[in-house]
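Notes follow the structure.
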Number of protein chains: 2
Amino acid sequence: MKTKMKILLLACGAALAAGLHAAAPKYVFMFIGDGMGMPQRMVAEDYSRRIGRGPLAMNALPYQCLTRTASANQLITDSAAAATAIACGVKANNGALGVTPDGQRVESVAEIAKGKGMKVGVITTVTIVHATPAAFYAHRKNRGDSYRIALDLVGSGFDFFAGGGVYNKYDDKKDSQYRGNVFDLARAAGYAVVREKAPFLALKPGAGKVWGVFADEGLEFDIDDQDTYPTLKEMVAKGVELLDGPGGFFMMAEGGKVDYAAHANDAATTIKDIIAMDDAVKVARAFLERHPDETLVVVTGDHETGGLAMGFVGTGSKFHIQLLERQKCSTESFMKRIHGMLKENPEMPFETVKPLVTENFGLLFDADDAKMPDDKLLVLSASEIKELEDAYAADVAFVKAKKQETRKHDVRRRQKFAATAKRLLGNHTGVGWSSGAHTALPTTTTAQGCGAEKFIGLMENCDIGRRLKEILR
Amino acid sequence: MKTKMKILLLACGAALAAGLHAAAPKYVFMFIGDGMGMPQRMVAEDYSRRIGRGPLAMNALPYQCLTRTASANQLITDSAAAATAIACGVKANNGALGVTPDGQRVESVAEIAKGKGMKVGVITTVTIVHATPAAFYAHRKNRGDSYRIALDLVGSGFDFFAGGGVYNKYDDKKDSQYRGNVFDLARAAGYAVVREKAPFLALKPGAGKVWGVFADEGLEFDIDDQDTYPTLKEMVAKGVELLDGPGGFFMMAEGGKVDYAAHANDAATTIKDIIAMDDAVKVARAFLERHPDETLVVVTGDHETGGLAMGFVGTGSKFHIQLLERQKCSTESFMKRIHGMLKENPEMPFETVKPLVTENFGLLFDADDAKMPDDKLLVLSASEIKELEDAYAADVAFVKAKKQETRKHDVRRRQKFAATAKRLLGNHTGVGWSSGAHTALPTTTTAQGCGAEKFIGLMENCDIGRRLKEILR
């Protein structure tokens with residue numbers, strides 16, 4: 001009797017499993033945090049809980065896999081190889097988009113979805129030709145070929161693009177493959193090219209193919225801007241509105257600036273961009289709740305950046321994550337503000353900028369200013385004040401010499417004052433970073449909905465693309 | 001028809017689920033790596049693959065959860081609160097064993113197993129009264145009460161203990177609860193107290209209750225010793241042999257010295273102790289293959305130590321994990337060797353110890369000595385050689401002053417020479433550490449077998465104990 005029951009149950013289980021696997025999701029949301037490794041997600045988790053926002057939606061998805069990110073040729077991947085793995089299901093060399101190490105073009109999961117009659121949307125907070133979004137529509141050995149990648153975008157036939165621009169390469173007449181201004185080409189291919197937030201948010205279903213492009217390069221960090229550009233949440237919500245229909249959709253949305261903040265070892269800015277991304281994930285989760293049997297939501301990162309740790313030698317066994325709430329702007333925007341003031345007044349004294357450090361990073365120059373319990377954790381020591389003063393002097397000299405700011409990512413070296421203020425807040429918080437580059441630490445992939453049960457166990461980043469392809473087919 | 005089919009499948013699924021959940025595992029293996037956070041497991045994973053050992057068994061278990069480790073009163077836990085969460089299913093304050101923050105005693109999963117008639121084993125590579133093993137059998141507000149914890153061990157009635165000693169507290173006559181020498185008490189309670197490896201390995205089923213205690217404190221790091229003490233694998237295999245029987249068993253085995261190595265920021269020693277633990281996990285996995293329907297294997301860590309990253313500012317985007325194979329001993333044992341030589345010859349020159357640095361850490365003082373492709377990654381710069389020389393001079397002065405080595409964990413400060421050699425190898429490898437203490441980075445819990453499907457999603461460390469209790473009941 002017991003054996004018979006077992007056989008019956010096994011048979012039913014197999015039937016059930018076959019049933020589950022047979023149905024492909026009609027709606028797929030794929031979220032990617034650039035530079036959002038496992039530590040970034042967990043720092044944001046603790047921050048969100050501590051400030052009363054509650055657990056992250058992205059971390060609450062029931063299925064979860066640690067995800068190795070090594071590329072075909074390096075233990076530490078770049079964004080192009082990582083995005084190719086996720087989008088196309090194969091390991092690529094660093095720098096390559098949608099092509100294998102031996103140069104073979106590999107179809108992306110977005111292209112497969114398009115071929116099935118699903119609508120496709122690609123969304124990012126950085127440039128739309130950046131490696132992560134590009135891996136879903138482009139096939140180029142060199143991720144730096146911005147103009148040609150934009151040509152692939154126009155030729156993709158995808159239904160919805162939203163994000164930053166094409167650097168200054170939208171009309172690159174020097175390119176040997178020049179075929180015209182990419183916006184003109186897009187319009188000729190049937191796209192409405194929308195350059196401002198208001199008309200973008202006013203778009204209604206039936207608008208046809210849309211390319212929302214809101215800046216020349218990336219959009220702003222969430223900590224710095226909530227108004228000028230649409231947020232990731234707004235772009236995802238608009239995507240859902242425009243793409244929804246009988247054929248279903250595949251949507252990739254990237255929190256692209258997480259990586260920039262992590263390269264700068266700017267913890268508060270990193271976390272706030274992840275929380276902005278989590279707000280977008282909540283849109284997808286709400287959609288899933290309305291269409292539970294037909295929707296799959298997957299959230300991952302392309303790699304870890306910065307070697308972020310939730311503990312620092314200077315604070316020992318203490319971790320005061322809530323202190324990061326005191327930071328009010330990114331290191332980069334603080335630097336721009338200070339440099340702007342210095343251009344007006346090159347002799348501006350250190351005393352003038354001290355209140356700005358307190359206002360924007362919460363750091364206190366005088367123990368008597370500590371009023372609230374957490375305040376005493378923010379009082380600077382004499383040697384830290386000296387560090388800030390020396391860093392400010394370096395910025396004063398930098399602006400006087402009228403040096404060009406050339407390096408995009410490394411805020412620490414060219415903007416000593418802002419970088420020092422940010423670093424000191426991180427030290428008092430207990431945040432540690434070991435690198436200004438990508439690392440081999442894994443990402444976390446979480447999933448919920450139709451097909452999500454495939455996302456268990458330790459996996460390779462290319463398994464994400466492979467499993468998505470299996471699920472869609 | 002489609003709807004009917006769906007209902008049938010759902011019904012079968014429910015029946016199947018009920019059937020699965022009704023059967024408790026007969027055999028439970030619980031492995032805990034002390035200080036083995038997610039990064040430690042993944043660094044060991046990449047190392048094991050790169051040196052040709054292949055993927056870690058512990059990371060290949062199909063179910064996986066990132067696990068938050070915050071204690072009841074701190075974001076950064078200590079080992080006592082963490083072990084209590086894992087063993088008893090409740091959050092405790094740092095320092096407490098098997099009691100809630102308001103002082104209530106909470107049954108451990110091992111005690112529940114014992115109550116069900118299963119045999120119970122507790123194994124560790126550190127002292128058997130250390131927080132992690134103790135949480136499975138002791139209930140004390142203060143993890144430092146070694147003598148009283150040993151009394152709890154003797155009174156537990158568990159069937160098998162193996163590991164290090166009781167510090168120097170086995171006969172603590174000053175304790176107000178003194179009841180006698182704990183080994184005498186254990187013998188009176190029916191335990192065979194076994195103090196050497198050979199008689200321990202010769203034990204046969206039917207030996208009765210066993211307490212294997214092989215050192216006064218912890219055993220050696222795996223990198224330093226394979227002979228004097230039984231390995232974790234040997235202790236687990238012996239436990240299986242002695243505990244197996246009609247009632248089944250619950251076994252907790254701790255890789256306890258991972259934490260010591262991580263406190264010292266000693267990556268090679270950390271990794272090799274994790275691999276030694278993985279060898280023990282393979283014993284459990286082989287057992288699971290023989291008893292697939294009746295066995296549960298769970299592997300977790302109690303917390304992360306050191307803020308370990310797989311990337312370092314000095315090596316940028318490169319990570320040469322295989323270089324750690326060049327390290328042949330722990331920082332601690334290297335220090336002891338050098339200090340021993342200095343006690344014989346206080347004037348021993350730097351030139352004498354340079355070859356020992358090359359032999360034990362792979363570092364090369366001369367570019368001409370680089371013969372193999374990886375060798376050139378190990379050539380020291382002039383400034384690095386100066387660092388080593390200065391650190392050696394500090395050790396020479398330390399030994400001459402006949403200072404006592406007092407601090408247990410912080411190898412970096414009291415043993416400058418060994419610590420510098422270890423740090424330079426780490427820097428060349430691309431390993432980063434941000435702390436000498438525990439951090440709030442999560443651990444990873446993996447599981448396979450009967451009941452393992454409960455281990456999905458982000459969870460709290462106390463959920464491990466809770467789910468194990470559910471599974472056993």
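This one's a predicted model, so the numbers in the text were calculated from it and none came from an experiment. Order of the sequence lines fixes the chain letters, A, B, ..., with proteins taken first and strands second; residue numbering starts at 1 for each chain. Note: hydrogens, waters and symmetry copies are ignored here, and every other heavy atom, side chains too, is used.
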With chain A, the option among G430(B), S317(B), A309(B), G432(B) that has the most non-hydrogen atom pairs under 4.5 Å is S317(B)
Residues 43-50 of chain A vs chain B, non-hydrogen distance cutoff under 4.5 Å, contacting residues -> E45(A), D46(A), R49(A), R50(A)
Those residues at least two apart in sequence (or on a different chain) that pass side chain to side chain donor-acceptor pair (under 3.5 Å) with R41(A) are N59(A), T446(A)
Heaviest contributor of heavy-atom pairs below 4.5 Å to chain B, chosen from P39(A), A440(A), G306(A), G37(A), is A440(A)
Most contact-rich option vs chain A, by heavy-atom pairs under 4.5 angstrom, among L75(B), L61(B), T77(B), is L75(B)
Most contact-rich option vs chain A, by heavy-atom pairs under 4.5 angstrom, among M459(B), R68(B), Q448(B), Q74(B), is R68(B)
When the 4.5 angstrom heavy-atom criterion is applied to T315(B) and chain A, the contacting part is neither
So the ring pair (Phe, Tyr, Trp, His ring centres under 6.0 Å) pairs with at least one residue in residues 306-325 of chain B (sequence neighbours excluded) are none
With chain B, the option among G311(A), G316(A), A60(A), G307(A) that has the most non-hydrogen atom pairs under 4.5 Å is G311(A)
Ranked by heavy-atom pairs below 4.5 Å to chain A, first place among I321(B), N94(B), T439(B), L441(B) goes to L441(B)
query = Does a sphere of radius 6.0 Å around NZ in K282(A) hold more than 12 heavy atoms from other residues, nucleotides or ligands, not counting ones at 6.0 Å or beyond?
reply = yes
In terms of heavy-atom contacts, M38(A) and L66(B) come closest through CG-CD1, 3.5 Å
Distance col, row M310(A):CE vs T69(B):OG1, nearest 0.5 angstrom, shows 8.0 Å
Checked C65(A), S434(A), G457(A) vs chain B; the most non-hydrogen pairs under 4.5 Å come from S434(A)
Residues at least two apart in sequence or cross-chain that pass side chain to side chain donor-acceptor pair (under 3.5 Å) with K91(B), listed by chain then number, are E460(B), N461(B)
